[in-house]
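For reference, positions follow the sequence shown, starting with 1. From a predicted model like this one, the values you see are computed outputs, not experimental measurements.
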Amino acid sequence: MTSLADAVLTLIRTRADLHRWGAASEHGRQMHQAVNVLEAAVPTTAPGEVYTVTHKALASAITVIARADDSSGIIGDACRRLLALHTKTAAAAKVPTARLVDWMMKFQFEGEVDYFELDPVAYAPALGETGMKTYRARLNAIRDRLGPRPADRWDSSNRREWFVLEWNDSRLAVFDHDVEAIIRTHARDRKVAAWYEDTAEALEEIGEIDLAIDWARQGMDFGPGHQSQACGELWCRLLSQHRPHEWLGARRTVFDRWPEHSTAARLREAAGTAWPQHREHVLDRLASTPSDAVMFALSTLKEPRLAWDLANQLALSDGRTWHELLKTYEKIDPIAVLPIHARLVAADLREADAKRYRSGARRLVTMRRLAAGTGHAHEVDDLVAQLRDEHRRRRRLQQEFDRAGLP
């Protein structure tokens with residue numbers, strides 16, 4: 001085994017029990033280190049050696065993920081990095097096309113797991129014209145063996161094969177720059193907003209920008225859900241890159257459809273010097289969701305006084321948003337934040353929960369710091385005494401107060 005193989009494969013392979021989430025995540029981080037070593041070796045190591053080690057590392061990584069609890073996705077991400085490197089190193093190493101096609105077919109149709117797809121577009125440089133013809137022929141042979149496509153592949157005993165064939169059809173349509181095939185394989189029956197996004201991205205990939213913009217807009221208009229919002233974000237990105245004069249109007253449209261902190265922030269960015277023309281409209285629309293309005297004023301506009309006024313005017317009730325606002329506004333008016341802190345302490349202590357007790361104790365410590373040296377210091381201490389008495393039967397709460405150094 002070469003020094004590169006030794007350095008990489010020892011980090012990928014393991015006999016440890018990875019059915020526990022923590023152990024799997026730790027090993028996944030180790031696998032990413034292995035990929036880092038491989039990627040760093042590309043410029044200075046013979047292409048054949050890098051490919052061989054990458055190929056072995058990928059095989060081992062698939063074996064690992066097959067028996068691991070990869071709830072965190074760390075191992076899966078390492079596998080995807082290896083797959084991306086595999087496409088490049090195969091081309092650089094000039095792997096024989098027949099061998100590469102055999103491997104691609106086996107990986108997809110007979111592999112140990114079916115979590116990953118191979119992209120024939122990415123492998124095209126390695127396969128060349130002859131290899132791509134061979135690859136298509138192998139796919140068609142399987143299609144012929146399966147017979148007519150079922151109305152719902154999930155009802156078929158060959159659902160894995162049909163999924164792989166459909167995936168390859170969609171990617172080969174991109175490789176062929178075939179607009180009609182892209183629409184047919186990506187948009188399908190046009191009943192899901194996400195399929196419009198897939199179509200737009202594929203059209204962008206082949207340089208059909210006007211069509212990509214149109215399909216992204218159609219997806220945005222599909223409905224009110226998050227998939228349509230994702231199409232709206234794609235629509236805005238495409239316009240910002242290719243029709244910048246339409247970007248601001250698109251951002252305003254997306255914000256009006258989904259008036260949230262995130263869409264408001266992106267509208268603010270697109271508006272630039274024209275922001276004053278949109279400011280009142282944005283704040284009015286955000287008022288229906290106080291937490292979005294407050295966070296927009298606080299983190300995007302960087303106007304803590306406005307955020308404070310909005311929080312009070314709009315009767316903000318979200319504790320997390322108040323927490324973020326208080327961290328900033330206490331530097332402006334430390335006394336004004338005390339009643340809000342007290343309200344949040346009461347919410348923390350409403351339930352018997354050690355974590356909430358600690359949170360409440362830390363907040364009381366903050367209140368004492370803010371009130372120190374002012375006429376409100378005794379009020380905070382009185383509140384602590386009142387809470388200790390009110391919850392005198394909660395031993396764990398008393399312990400957390402003691403640990404925090406409260407009187």
Side-chain angles (χ1 to χ4, degrees), residues 80 84 87-88 91 117-125 127-129 132-133 135-136 139 149 163 165-275 277-278 281-282 285:
R80 291 182 185 90
T87 64
K88 299 171 185 175
E117 299 84 32
L118 298 185
D119 185 1
V121 177
Y123 277 101
L127 291 171
E129 183 177 352
M132 288 298 285
K133 288 181 179 178
Y135 183 63
R136 289 178 191 268
L139 291 173
R149 182 189 181 283
F163 173 81
L165 290 172
E166 290 171 9
W167 162 258
N168 276 277
D169 286 345
S170 67
R171 293 307 295 157
L172 289 170
V174 172
F175 177 78
D176 294 335
H177 286 222
D178 186 333
V179 172
E180 290 185 6
I182 285 174
I183 293 172
R184 184 180 67 254
T185 57
H186 290 75
R188 308 179 199 183
D189 59 8
R190 309 188 187 192
K191 292 183 178 179
V192 178
W195 296 345
Y196 288 80
E197 182 182 11
D198 292 343
T199 305
E201 290 176 339
L203 291 167
E204 178 192 14
E205 191 174 350
I206 67 170
E208 292 286 351
I209 303 303
D210 289 343
L211 281 173
I213 290 171
D214 178 62
W215 276 89
R217 177 61 195 258
Q218 289 183 60
M220 185 190 76
D221 292 337
F222 183 87
H226 70 279
Q227 292 182 352
S228 289
Q229 186 172 357
C231 288
E233 291 300 322
L234 175 58
W235 180 55
C236 288
R237 177 179 66 75
L238 290 169
L239 289 175
S240 72
Q241 294 172 348
H242 302 285
R243 299 182 196 167
H245 59 286
E246 298 180 29
W247 182 33
L248 176 55
R251 272 285 161 219
R252 172 91 174 222
T253 298
V254 170
F255 169 75
D256 285 340
R257 188 77 59 85
W258 294 280
E260 304 166 355
H261 171 209
S262 60
T263 54
R266 295 180 187 117
L267 173 56
R268 170 68 184 89
E269 177 189 6
T273 57
W275 167 243
Q277 302 170 30
H278 303 272
H281 172 76
V282 169
R285 290 299 306 276

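Closest of all the heavy-atom pairs between Ala200 and Ala216 is CB-N, 3.8 Å. Of all heavy-atom pairs spanning Leu118 and Trp167, the tightest one is O-NE1, 2.7 Å. Between Trp258 and Thr263, the shortest heavy-atom contact is O-OG1, 2.5 Å. Closest approach of Asn168 and Pro120 over heavy atoms only: OD1-CG, 3.6 Å. The heavy-atom pair separating Ala173 from Thr185 by the smallest distance is CB-OG1, 4.1 Å. Contact detail for Ala202 and Ile182: the closest heavy-atom pair is CB-CG2, 3.7 Å.
For the pair Arg217 (side chain) and Trp235 (backbone), a donor-acceptor distance under 3.5 Å is absent.
Note that the CZ atom of Arg252 and the CZ atom of Arg257 stand 14.0 Å from one another [nearest 0.5 Å]. Expressed to the nearest 0.5 Å, how far CG of Leu165 lies from CG of Leu172 amounts to 10.5 Å. How far CG of Leu238 is from CD1 of Ile209: 6.5 Å, rounded to the nearest 0.5 Å. Here the CH2-CG distance, from Trp195 to Asp189, works out to 4.5 Å after rounding to the nearest 0.5 Å. Rounded to the nearest 0.5 angstrom, His186 NE2 and Thr199 OG1 are separated by 6.5 Å. Remark: Leu211 CG to Leu203 CG distance equals 5.5 Å, nearest 0.5 Å.
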| request: Might you work through the side-chain contact (heavy atoms from CB on, under 4.5 Å) test for Met220 and Thr253, ending with a clear yes or no? | output: CA-CA 10 Å; Met220 185 190 76; Thr253 298; 4.0 Å; yes
| request: Evaluate side-chain contact (heavy atoms from CB on, under 4.5 Å) for His281 paired with Asp256, printing each intermediate quantity in order. | output: CA-CA 9 Å; His281 172 76; Asp256 285 340; 2.7 Å; yes
| task | Evaluate side-chain contact (heavy atoms from CB on, under 4.5 Å) for Val282 paired with Arg268, printing each intermediate quantity in order. | result | CA-CA 9 Å; Val282 169; Arg268 170 68 184 89; over 6 Å; no
| said: Under the criterion side-chain contact (heavy atoms from CB on, under 4.5 Å), I'd like the reasoning laid out for Arg190 against Ile183: C-alpha separation, chi angles, the key distance, then a yes or no. | reply: CA-CA 9 Å; Arg190 309 188 187 192; Ile183 293 172; 3.7 Å; yes
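More than 12 heavy atoms of other residues, nucleotides or ligands lie within 6.0 Å of NE2 in His177, so this atom counts as buried by the packing criterion.
Just one residue in the list Arg188, Arg171, Arg149 forms a side-chain hydrogen bond (donor to acceptor under 3.5 Å, both in side chains) with Glu166, and that residue is Arg149.
Using a 4.5 Å heavy-atom threshold, the side chains of Glu208 and Asp214 count as separate. In this structure, Ile213 and Glu246 have side chains that are not in contact, with every pair of non-hydrogen atoms separated by 4.5 Å or more. With contacts defined as side-chain heavy-atom distances shorter than 4.5 Å, the pair Phe222/Cys231 does not qualify. Counting heavy atoms from C-beta outward, His278 and Phe255 have side chains that stay 4.5 Å or more apart. At a threshold of 4.5 Å between non-hydrogen side-chain atoms, the residues Val254 and Arg266 do not count as touching.
Between Tyr196 and Trp215, the angle of the ring planes lies from 30° to 60°, which puts this pair in the tilted group.
Arg237 has no carboxylate O lying under 4.0 Å from a charged side-chain N of Glu233, or vice versa, which leaves the two without a salt bridge.
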